[in-house]
Protein chains: 2
Amino acid sequence: MALIVQKFGGSSVADAEGIKRVAKRIVQTKKAGNDVVVVVSAMGDTTDDLIDLAHSVTPTPSGREMDMLLTAGERISMSLLAMAIISLGVEARSFTGSQAGLVTDAIHGNASIVDVTPKRVFKAIEEGAIAIVAGFQGFNRGTGDITTLGRGGSDTTAVALAAAMHADVCEIYTDVDGVFTADPRVVPTAHKLDFITSEEMLELASSGAKVLYIRAVEFARRHHVALHVRSSFSSKQGTIVAETRAEARRLRRAVDLNRAAPAVDPAQKEEDTVEAPVITGVATDKNEAKITVIGVPDTIGRAAQLFNLVAGEGTSIDMIVQNVSAAATGLTDISFTLPTGDGPRVVAALNRHKADLGFDSVVYDDQIAKLAIVGAGMRTHPGVSARFFSALAEQGINIEMISTSDIRISVVTRLDSLDEAVRAVHTAFGLDADGEAVVYGGTGR
Amino acid sequence: MALIVQKFGGSSVADAEGIKRVAKRIVQTKKAGNDVVVVVSAMGDTTDDLIDLAHSVTPTPSGREMDMLLTAGERISMSLLAMAIISLGVEARSFTGSQAGLVTDAIHGNASIVDVTPKRVFKAIEEGAIAIVAGFQGFNRGTGDITTLGRGGSDTTAVALAAAMHADVCEIYTDVDGVFTADPRVVPTAHKLDFITSEEMLELASSGAKVLYIRAVEFARRHHVALHVRSSFSSKQGTIVAETRAEARRLRRAVDLNRAAPAVDPAQKEEDTVEAPVITGVATDKNEAKITVIGVPDTIGRAAQLFNLVAGEGTSIDMIVQNVSAAATGLTDISFTLPTGDGPRVVAALNRHKADLGFDSVVYDDQIAKLAIVGAGMRTHPGVSARFFSALAEQGINIEMISTSDIRISVVTRLDSLDEAVRAVHTAFGLDADGEAVVYGGTGR
């Protein structure tokens, strides 16, 4: 018997029909002999509706009260889901974040989980019931106040519960079949991945892939929780996210049979490097802008001064490029990318401090986009960047900035050439699904 | 400085405008130098909407989950109200039933308060904040589960908090100006009462007056909590409900000045009997039906057998009349009233047991209504029933059943003559408001 944590998002439980459908699915997992803990988000647009309601009362709602308000959303979905399960003849009990022992710090609206003490959840499943836990919410021990976890909070709740309860797998149900090699709306030949390592998933999520939240993936990785990203609209196997490809494969078989995972087979570990594809997926991000500060004096500490100023505006910058300074003038240009929404604020701040920083001018450009290729295979396969840049060059796509990690290469291109770029790269790395062409690095292509 | 508990019902906080209006009112009370604890119901039709939602998922929702679901309603209203107050520059904190220490038994949907430990509420007001408490909800210590108090639960929450915190007064805000001598929609000459004893209020509420719930009045009476029933749409003084008329008057002056109540003046106690009106108010109930069981053998224990059967159907019967049995046959007729909604079920149950009970037939009549006059003055003024029955007789209104208590006389009449009856009685006891004609017993009329 396996212990399975299942997380259903707001679109899966948007109405009574959705709730009944999800209830049936949960009961199937239970009847297959598993212990089941379910984490559920608020129904459909409930959270947005509650936010609107708050803003109709005051433009600046108190953080504590906003959390109190928003947590009503999961309270509604979780109790309805429990009712639906009970009406199918299976015992179920819903628990709020505090009842389930989700202890957080006291940062209202964006709390972090500091402890999980799911005593009542354990008791419920020991007594044969399905436990339904409110996603997105917790409480602070010091104040006794209710908190929320911020964006992607329900994914994080599910992963945290799976870690604390040593669940066999944490299933994240969504409206797509799993993690794809690229966004299928842009790349029609994109295909679903059966496995992906948590490291790769983290890079993809950080590079703009929307299927999982970075925080939840980080939490899963840190606490060795295997994720299974799958569709709530079909019973197809989705994508397993685990520390190693071998572990993912082992888990997949276990989950297929709906039983606990067997011990790792050492022979499979061997395969790992052989079968690893060079590139696992391509991610894109259209919500970034580029700021170039022109004519910055190339003196020690000047860049630090500039980025301290930018950090003070509460934005998170991503890629940074500094030109080699012209010997004649001792001046350099510094470019960086940041979320488009923060652009105008940061430009204004830079201009206010133009005199202190001593630069010439600021150029703002929101017609850029980011494209990243991610794959653990990069570590063992040389020539990846050459193939990447060639593919872009063949389409006449200009690269404006480059950054890399161990298993990722990101570039900045023009926004209007992004879709073309991602299709070209997807093809160049043999990711196109034609004839099930999942191309592995071992083939030498 | 007084400690005032204010309760606002769902119609007062039905939308953002209502919430802002109520927030201003609460802040006024606070700024007048009082400590304020607010109990709030769910917004407008929220509770009914949530019940509908539950029934769209399953026709028979689990009691535990229904309570979890419904308590989302006050969570929304209380957090919005707290936000609105905070945006007026006054500190406020909302608390769920469990956070406010409302401990109940484990009867889901109709829990009773067994203890109130409002530690966090005390702390909030000590720190200068306004405490906003969710009405209608509590939790059970044994199971840790959330419970709801059933109909009128928010009134009961307010009274229970006022009792536990030794509040000076518990203000119940409603959409009418206070407690009236009769329903003003039926009796245009009805007038608002400045005072009413809790005993009278209890009889009125039990006889169909809707302004306060019986449970809350009982709780207030048992715990010596003074109530002030008033309109949330005006700042007029409403009706004070207290143990004695003198106590009510003393409190009224205290509340007028927004300060703590002074000690009782013994001289006022004297006035009490002098000024007490014979009749305080007239209540009506159109939601009752009458069942007559014809030809019941008049043997010992037969009535008990019959009423045990009726009680088994979960209905609460009110008036009972048993005819003198005919000597020749040894048979009698038994009539009783019960809520109309329970009528068909009870008739069916009686007919199923016709053989055991040995009666001839059952007559069901849902075209009846109940009319009650209530007044502590009855105790000292003879001739009240004579005047009551004469007033009805003069209008040609037939009385079908009669029951009495110490301070109440109730009759059953035809439903279609009820409105005429209540107006006639209202006039006969000098309750008509013409020329501020509050007629007291002492005048001898």
Side-chain angles (χ1 to χ4, degrees), chain A residues 13 15-20 22-23 42-43 46 49-50 52-88 91-96 98-99 119-120 123 129 132 134 139 143-146, chain B residues 13 15-20 22-23 42-43 46 49-50 52-88 91-96 98-99 119-120 123 129 132 134 139 143-146:
Chain A
V13 292
D15 53 22
E17 287 320 303
I19 287 170
K20 287 194 257 187
V22 165
M43 292 169 74
T46 307
D49 292 347
L50 290 173
D52 289 348
L53 197 52
H55 286 128
S56 69
V57 168
T58 167
T60 53
S62 135
R64 178 191 190 276
E65 299 304 328
M66 198 65 174
D67 280 356
M68 187 67 100
L69 177 69
L70 294 184
T71 49
E74 296 84 38
R75 200 176 187 89
I76 293 170
S77 57
M78 74 181 191
S79 50
L80 291 173
L81 186 53
M83 284 175 195
I85 292 171
I86 293 167
S87 79
L88 296 173
E91 220 197 309
R93 264 171 250 168
S94 68
F95 298 102
T96 64
S98 30
Q99 288 178 334
K119 249 192 291 185
R120 294 190 65 184
K123 186 159 179 281
I132 316 287
F139 76 107
T143 62
D145 286 341
I146 304 300
Chain B
V13 292
D15 53 22
E17 289 318 303
I19 286 169
K20 287 195 258 189
V22 165
M43 291 170 75
T46 307
D49 292 347
L50 290 173
D52 289 348
L53 198 51
H55 286 127
S56 70
V57 167
T58 167
T60 52
S62 135
R64 178 191 190 275
E65 299 304 328
M66 196 67 174
D67 280 355
M68 188 66 100
L69 177 69
L70 295 184
T71 50
E74 295 84 38
R75 201 175 186 90
I76 293 170
S77 57
M78 75 181 191
S79 51
L80 291 172
L81 186 54
M83 286 175 194
I85 292 171
I86 293 166
S87 79
L88 296 173
E91 220 198 309
R93 264 171 250 168
S94 67
F95 298 102
T96 63
S98 29
Q99 288 178 334
K119 250 194 288 186
R120 295 190 65 182
K123 186 158 178 284
I132 316 287
F139 76 108
T143 61
D145 286 341
I146 305 300

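It should be emphasised that the depicted structure is a prediction, and the values quoted were computed from it without experimental measurement. Note on naming: letters A, B, ... go to the chains in the order of the sequence lines (proteins, then strands), and numbering restarts at 1 for each one. Below, each value reflects all heavy atoms present in this structure, side chains not excepted, and no hydrogens, waters or symmetry copies.
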Side chain, backbone, both or neither of B/Gln99 within contact of chain A (heavy atoms, under 4.5 Å): side chain
Non-hydrogen atoms of B/Ser62 and A/Met83 that approach each other most closely: N-CG, 4.2 Å
N/O donor-acceptor pair under 3.5 Å between A/Arg120 side chain and B/Gly144 backbone: yes
Under 4.5 Å from any heavy atom of chain A - which part of B/Ala92: backbone
Trace of the side-chain contact (heavy atoms from CB on, under 4.5 Å) decision for B/Glu65 with A/Ile132: CA-CA 11 Å; B/Glu65 299 304 328; A/Ile132 316 287; over 6 Å; no
Nearest-0.5 Å distance, CD1 of residue A/Ile76 to CG of residue B/Asp49: 10.0 Å
Point-to-point distance, once rounded to the nearest 0.5 Å, from NZ of B/Lys20 to OG1 of A/Thr58: 8.5 Å
Contacting moiety of B/Leu88, where chain A heavy atoms sit under 4.5 Å: neither
Heavy-atom pair count under 4.5 Å with chain A, highest-scoring of B/Met66, B/Met68, B/Glu17: B/Met68
Side chain / backbone / both / neither for A/Ile19 at chain B, heavy atoms under 4.5 Å: side chain
Minimum heavy-atom distance between A/Leu80 and B/Ala54, given as atom pair plus value: CD2-CA, 3.6 Å
Part of A/Asp145 within contact of chain B (heavy atom distance under 4.5 Å): both
Chain A contacts, top residue of B/Thr60, B/Ile86, B/Thr71, B/Leu50 (heavy-atom pairs, under 4.5 Å): B/Thr71
Residue, of A/Pro59, A/Ala23, A/Ala72, A/Ser94, that accumulates the most heavy atom pairs under 4.5 Å with chain B: A/Ser94
Distance (rounded to the nearest 0.5 Å) between A/Arg64 CZ and B/Arg93 CZ: 7.0 Å
Counterpart residues, salt bridge (Lys or Arg N to Asp or Glu O under 4.0 Å), relative to B/Lys119 (two or more places apart): none
Interface moiety of A/Thr96 toward chain B, non-hydrogen atoms closer than 4.5 Å: both
Separation between CG of A/Asp15 and CG of B/Leu53, rounded to the nearest 0.5 Å: 9.5 Å
